[in-house]
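Please read the structure below before turning to the comments.
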Number of protein chains: 2
Amino acid sequence: MKLSAKGDYALRALMDLSMNYNQRLVQTKEISQNHSIPEKFLEQILRELKNAGIITAKSGQNGGYTLSRSPDKITFGEVIRVFEGSLSPIGCVSVKQYQPCTEETFCRFQIIMRRVREAVSDILDNTTLADVTGTPAKMDESNPDVYFI
Amino acid sequence: MKLSAKGDYALRALMDLSMNYNQRLVQTKEISQNHSIPEKFLEQILRELKNAGIITAKSGQNGGYTLSRSPDKITFGEVIRVFEGSLSPIGCVSVKQYQPCTEETFCRFQIIMRRVREAVSDILDNTTLADVTGTPAKMDESNPDVYFI
DNA sequence: TAGTTTCCCTATATACTTTGTCAACATACT
DNA sequence: AGTATGTTGACAAAGTATATAGGGAAACTA
C-alpha cells in the first residue's frame, strides 16, 4: 500500500514547479538539492512527467522545467497514476488499468479493495497541486518555509 | 499504492481458513491449488502469519492451519500490516510505523497523505474476515462458489 | 518402531526497483 | 564558432520483492 519512491519524488518535484509557475523555470539540480533526490534518478522522473504532458522542458542556459498547466489543473491522482499505473491496491478493481482477477469465480475480496480504491481516488483525484502549495501569488513571503515539503 | 503479492496471497489464504474455521484444518497444498499460489512461497507466508499470531499450525498427517481467533476478530488492516509494514502511503504519516520525513521543514504534502491513510485504515481496520466470507454456519451451501475468491 | 504426511527452516535463484555512471545531444549566451 | 549549461538515452550496480529447492522436525498411522 506504499507510494513508490518515484511517485513520492515526482510529487515533491511538482511542488517546486507549482510554486514557481509563471515565474521562472526550475532546474534539475535545484530540485535535487531541495529534496535530497538523486540527480540522475530525478532526471528520469522529470522526463516521464514531460512525456505524460504534465510538465514542459527547455534546454540550454537558463533552461529547466515548468508545469504544462496551472497547478489547479493537475491532480495528485493523475501524477500517481503515471508512476504507479493505478490507484487500486489490486489490478482487478482498477478502473483505468483493469486486469482480470486471477480467480475465475466471483471474489468478495474485490468488494473491499474496490471500496479502498474509491476512497483513495476520491481524495487524490480531487486534490490539486494548488490545493497544497497555494498559488505563487498567494505565497506568504514572510514564511516561505511553510510552502516547502 | 499497490498491495504486495505477499499481502494479496495472505488475504486469499485467510479466506480459506476463515471458511473452515472450527470445522477442519486446511493444508498448504489445498490453498496453493485454490488460488494458484506457488506452494513454497505460500509456506513462507503462512509461517509469517503464524509468527504474527493470526493462525496456528499443526504438523503431521491431517495437519494444517487454522485461524487463531474467530474470523470476526481478524481485520484486513492487521493482516496487511504484517506484510506491508504500514497502511500509510508514506512513512511520515504512519501511526504504527512512523518514520521521520526526509524533509526537515513542515510538509503540506503530508496532510494529503494523512487523509489517504485515514480513509484506508477506516475501511481496512473495520473490515474483518467474517465480513467477507460470512461465518461457516451461514454459508449458502447451494452456491458455495460465491464464498470462494 | 518404520513409514508417511505435513509443517518448519535456510539457502539460493530470478525479476524488478532504485540508484549511480557515462557519453552524447540541444540550447543560449559571448 | 566556442563554451557553458542543461537534457536525453543507454547501461551497470545495489537493493528489495518474488519465487524455487532441499533437507529437517513434528505428528499421525499401523
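Worth saying up front: this structure is predicted, and the values here are computed from it rather than measured. Protein chains get the first letters and strands the later ones, always in sequence-line order, with residue 1 at the start of each.
Distance, A/K2 NZ to D/dA17 P: 10 Å, rounded to whole Å. What separates CD1 of B/I45 from P of D/dT20 is a distance of 12 Å, to the nearest Å. In this structure, the CG atom of B/D8 is 15 Å from the C1' atom of D/dA19, given to the nearest Å. Taking atom CD of A/E39 as the reference point, atom C1' of D/dT7 lies 11 Å away to the nearest angstrom. Remark: C1' of D/dG9 and CG of A/L42 are 16 Å apart, rounded to the nearest angstrom. Rounding to whole angstrom units, CD1 of residue B/I37 and P of D/dA17 are separated by 19 Å. Between the C1' atom of D/dT8 and the CD atom of A/E48 lies a distance of 13 Å, rounded to the nearest Å. Rounded to whole angstrom, the span from the NZ atom of A/K29 across to the C1' atom of D/dT5 amounts to 9 Å.
With sequence neighbours excluded, no residue forms a salt bridge (Lys or Arg N to Asp or Glu O under 4.0 Å) with A/E39. For the side chain to side chain donor-acceptor pair (under 3.5 Å) test, residues two or more places apart in sequence or in another chain that qualify with A/R81 are A/D125. Listed by chain and number, the residues in a salt bridge (Lys or Arg N to Asp or Glu O under 4.0 Å) with A/E118 amount to none (sequence neighbours excluded). Taking A/K29 as the reference, nothing meets the salt bridge (Lys or Arg N to Asp or Glu O under 4.0 Å) condition, with sequence neighbours excluded. Under the side chain to side chain donor-acceptor pair (under 3.5 Å) criterion, A/Q27 pairs with no residue at all, not counting sequence neighbours. Qualifying salt bridge (Lys or Arg N to Asp or Glu O under 4.0 Å) partners for A/E43, counting only residues two or more places apart in sequence or in other chains: A/K40.
Looking at residues 79-90 of chain A, you'll see that no heavy atom sits under 4.0 Å from any atom of DNA chain C.
Under the 4.5 Å side-chain criterion, counting only non-hydrogen atoms from C-beta, B/S86 is in contact with A/K2.
Distances shorter than 4.0 Å separate none of the side-chain N or O atoms of A/T28 from OP1 or OP2 on D/dG6. Residue B/Q27 places at least one side-chain N or O closer than 4.0 Å to OP1 or OP2 of C/dT6.
Between A/R12 and A/D8 there is a salt bridge, since a side-chain N of the basic residue sits under 4.0 Å from a carboxylate O of the acidic one.
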Sugar-phosphate atoms are those with a prime plus P, OP1 and OP2; base atoms are the rest. Using that split, label each nucleotide of nucleotides 8-18 of chain C B, S or - for protein heavy atoms under 4.0 Å, 5' to 3'. BBBB------S
Extract all donor-acceptor atom pairs below 3.5 Å that involve side chains of residues 45-68 of chain B and protein atoms in other chains or at least two apart in sequence.
| residue | atom | partner | partner atom | Å |
| --- | --- | --- | --- | --- |
| B/E48 | OE2 | B/K6 | NZ | 2.7 |
| B/N51 | ND2 | B/R47 | O | 3.4 |
| B/S68 | OG | B/G53 | O | 3.3 |
| B/S68 | OG | B/I54 | O | 3.3 |
| B/S68 | OG | B/I55 | N | 3.3 |
| B/S68 | OG | B/I55 | O | 3.2 |

